[in-house]
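Written out below as structure tokens is the structure these notes cover.
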2 protein chains.
Amino acid sequence: MSPVSPCHGDCAARVLDAALEVFCESGYRSSIDAVAARAQVARQTIYNHFGNKEALFCVALTRAVKEVFTALATDEGDYRARLFNFGMRFRQRVLAPDAINMHKLLISEASRFPELAKSLYESCFVYSRQQMAAVLRNAMDAGVLRNEDPLEAAHILMDMLVSHDHTLLVFGCTAMDPALEEQKVNRALELFLRTYAPAAPERPA
Amino acid sequence: MSPVSPCHGDCAARVLDAALEVFCESGYRSSIDAVAARAQVARQTIYNHFGNKEALFCVALTRAVKEVFTALATDEGDYRARLFNFGMRFRQRVLAPDAINMHKLLISEASRFPELAKSLYESCFVYSRQQMAAVLRNAMDAGVLRNEDPLEAAHILMDMLVSHDHTLLVFGCTAMDPALEEQKVNRALELFLRTYAPAAPERPA
DNA sequence: CGGTTAGATTGGACGGTACAGTCTAATGCG
DNA sequence: CGCATTAGACTGTACCGTCCAATCTAACCG
């Protein structure tokens with residue numbers, strides 16, 4: 001039972017973990033009591049640490065969402081390999097059940113927390129596109145890709161990588177088959193590289 | 001004031017309109033009283049017609065979502081014109097504020113109404129892709145487009161058409177500038193047609 | 001080493017609010 | 001009269017946030 005055993009230090013962290021879990025499961029309409037129970041903590045402890053429900057929500061969600069989008073790009077291999085690795089990692093992170101739930105949660109509460117939604121969109125969604133755009137810009141400079149707006153290209157590639165499956169998951173329709181991941185990434189890359197192949201210098205009349 | 005004036009017939013319709021408005025504004029957590037006030041109807045009238053809140057929500061949302069995706073394709077003009085018209089109409093419908101709100105609403109409540117979410121995904125999202133795929137299949141058969149899976153091609157084109165702006169709107173970041181619509185559709189078509197240009201029959205060695 | 005203190009934590013009670021859904025009596029219309 | 005509608009009272013529930021007295025821990029001090 002460990003009947004009372006105060007936690008002395010890790011309480012806040014436990015609360016944040018529990019809050020993320022509970023909010024992801026049942027949305028913002030989860031009760032503070034549910035979070036407290038999940039964290040095995042008294043309700044009052046939550047108020048001591050975070051003040052109120054809104055603050056708890058913002059802190060928990062911000063911390064979690066940012067983790068999804070860090071360090072997606074790598075420097076190893078040729079451009080094709082870099083894009084493949086990025087694609088695999090991106091799908092893995094963004095299509096994970098937790099990430100899907102966070103995405104739904106953020107959309108649900110975008111009107112209640114407009115600044116939070118905007119800020120997380122900027123610092124995560126946009127940020128991940130910029131990471132990809134940097135890779136693509138290099139490839140364009142190297143002549144491997146057609147020289148166009150790299151940020152636009154990043155949007156297109158990343159949509160090709162996840163968009164359809166992401167929609168499926170958000171609407172709760174299917175789970176992904178992990179055996180098909182490489183195949184899907186390669187197909188997306190094939191289409192993308194076809195779109196952004198360097199313009200043929202001259203065409204045989 | 002029209003102090004009491006029972007509605008005799010159009011009550012149900014008024015309630016459905018009001019319900020859609022209110023739910024889109026404040027989500028499922030809107031109160032029945034708010035719907036009743038918007039419809040200028042007694043709360044009891046709503047219960048007489050729809051039984052409970054869940055049923056009201058499902059009926060109102062289903063009716064509204066289906067309207068967004070009907071009759072997107074046209075038969076006039078060449079393939080390029082058809083795709084352009086489809087693209088313009090698609091953007092207009094899917095990026096409209098009401099449609100964005102419904103999208104957010106459906107995602108928010110996907111876990112509370114799994115069958116509703118799945119069914120609306122099927123009958124609307126998938127359906128619109130199939131409309132587009134039919135057009136693309138014709139173009140492929142006619143040799144105007146590279147002969148590949150037309151449904152996959154439809155997903156890609158429709159992502160190119162709206163994906164980025166849709167995300168922006170869902171997260172409440174910006175409004176669209178209507179002056180740029182044609183330009184955006186043409187850019188999406190340009191990229192798509194580049195991807196799906198018929199394969200060059202042979203390449204100069 | 002034992003006693004004290006400050007701070008974190010707990011459990012529970014409590015007030016206030018909001019809402020779903022029911023019930024009833026009254027109203028107006030065909 | 002019969003029917004749809006209305007206004008409002010009412011019940012039950014859920015939850016936020018506060019308050020408080022009691023408990024535990026660790027650090028500090030004589």
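Scope of the values below: all heavy atoms of this structure, side chains included, with no hydrogens, waters or symmetry mates. Chain letters run A, B, ... following the sequence lines, proteins first and then strands; every chain starts at 1.
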Worksheet, complete the sentence: For residues 185-197 of chain A, the side-chain hydrogen bond (donor to acceptor under 3.5 Å, both in side chains) pairs (sequence neighbours left out) are A:Arg80-A:Asn186, A:Arg187-A:Glu190, A:Arg187-B:Glu148, A:Arg187-B:Glu152, A:Arg194-B:Glu148, A:Thr195-B:Thr195
Practice prompt. Quick one: list whatever passes side chain to side chain contact (heavy atoms under 4.5 Å, CB included) with B:Lys104, sequence neighbours left out.
Written response: A:Ile107, A:Ala110, B:Ile100, B:Asn101, B:Val170
Discussion item. I need the residues from residues 21-36 of chain A with at least one non-hydrogen atom less than 4.0 Å from DNA chain C; give them sorted by number, or say none.
Written reply: none
Worksheet item: Hey, are A:Glu181 and A:Arg91 close enough for a salt bridge, meaning a charged N less than 4.0 Å from a carboxylate O?
Response: yes
Worksheet item: For B:Phe125, what residues pass the ring-ring contact (aromatic ring centres under 6.0 Å, His included) criterion, not counting sequence neighbours?
Response: B:Tyr121
Fill in: Spacing of B:Phe50 atom CZ relative to C:dG21 atom P, expressed in whole Å
14 Å
Item to complete: Only pairs at least two apart or in different chains count here, so list each side-chain hydrogen bond (donor to acceptor under 3.5 Å, both in side chains) that has a residue in residues 57-72 of chain A.
Response: A:Asp17-A:Arg63
Discussion item. Can you measure A:Gln44 atom CD to C:dC14 atom P for me and round it to whole angstrom units?
Written reply: 16 Å
Discussion item. What's the closest nucleotide to the side chain of B:Arg43 if the choices are C:dG11, C:dG21, D:dA7?
Written reply: C:dG21
Practice prompt. Could you tell me which residues satisfy side chain to side chain contact (heavy atoms under 4.5 Å, CB included) with A:Ala19, sequence neighbours excluded, listed by chain and number?
Written response: A:Phe23, A:Val35, A:Leu56, A:Ala60
Item to complete: Could you tell me whether A:Gln40 contacts a base, only the sugar-phosphate backbone, or nothing, with contacts defined as non-hydrogen atoms closer than 4.0 Å?
Response: sugar-phosphate
Discussion item. Can you tell me if B:His49 touches the phosphate of D:dT5, counting only side-chain N or O atoms and a distance under 4.0 Å to OP1 or OP2?
Written reply: yes
Item to complete: Check the distance between D:dC16's P and A:Arg112's CZ and give it to me in whole angstrom.
Response: 10 Å
Worksheet item: Is there a side-chain polar atom (N or O) of A:Thr45 under 4.0 Å from OP1 or OP2 of C:dT9?
Response: no
Item to complete: Give the nucleotide from the list C:dG11, D:dG17, D:dT6 with an atom nearest to the side chain of B:Ala42.
Response: D:dT6
Response to the item:
Atom CD1 of A:Ile46 and atom P of D:dT18 are separated, to the nearest Å, by 13 Å
Discussion item. For a quick check of understanding: with a heavy-atom distance under 4.0 Å over all strands, which category does B:Asn52 fall into, base, sugar-phosphate or nothing?
Written reply: sugar-phosphate
Worksheet item: Regarding B:Lys53 and the six-membered ring of B:Tyr28, is the cationic atom NZ or CZ under 6.0 Å from the ring centre and inside 45° of its axis?
Response: yes
Discussion item. Between C1' on C:dA20 and CZ on B:Phe57, what's the gap in Å once rounded to a whole number?
Written reply: 16 Å
Worksheet item: Taking atom P of C:dA20 as reference, at what distance in whole Å does atom CG of B:Asn48 sit?
Response: 16 Å
Practice prompt. Could you state the atom-to-atom distance from OH of A:Tyr47 to C1' of C:dT10 in whole Å?
Written response: 16 Å
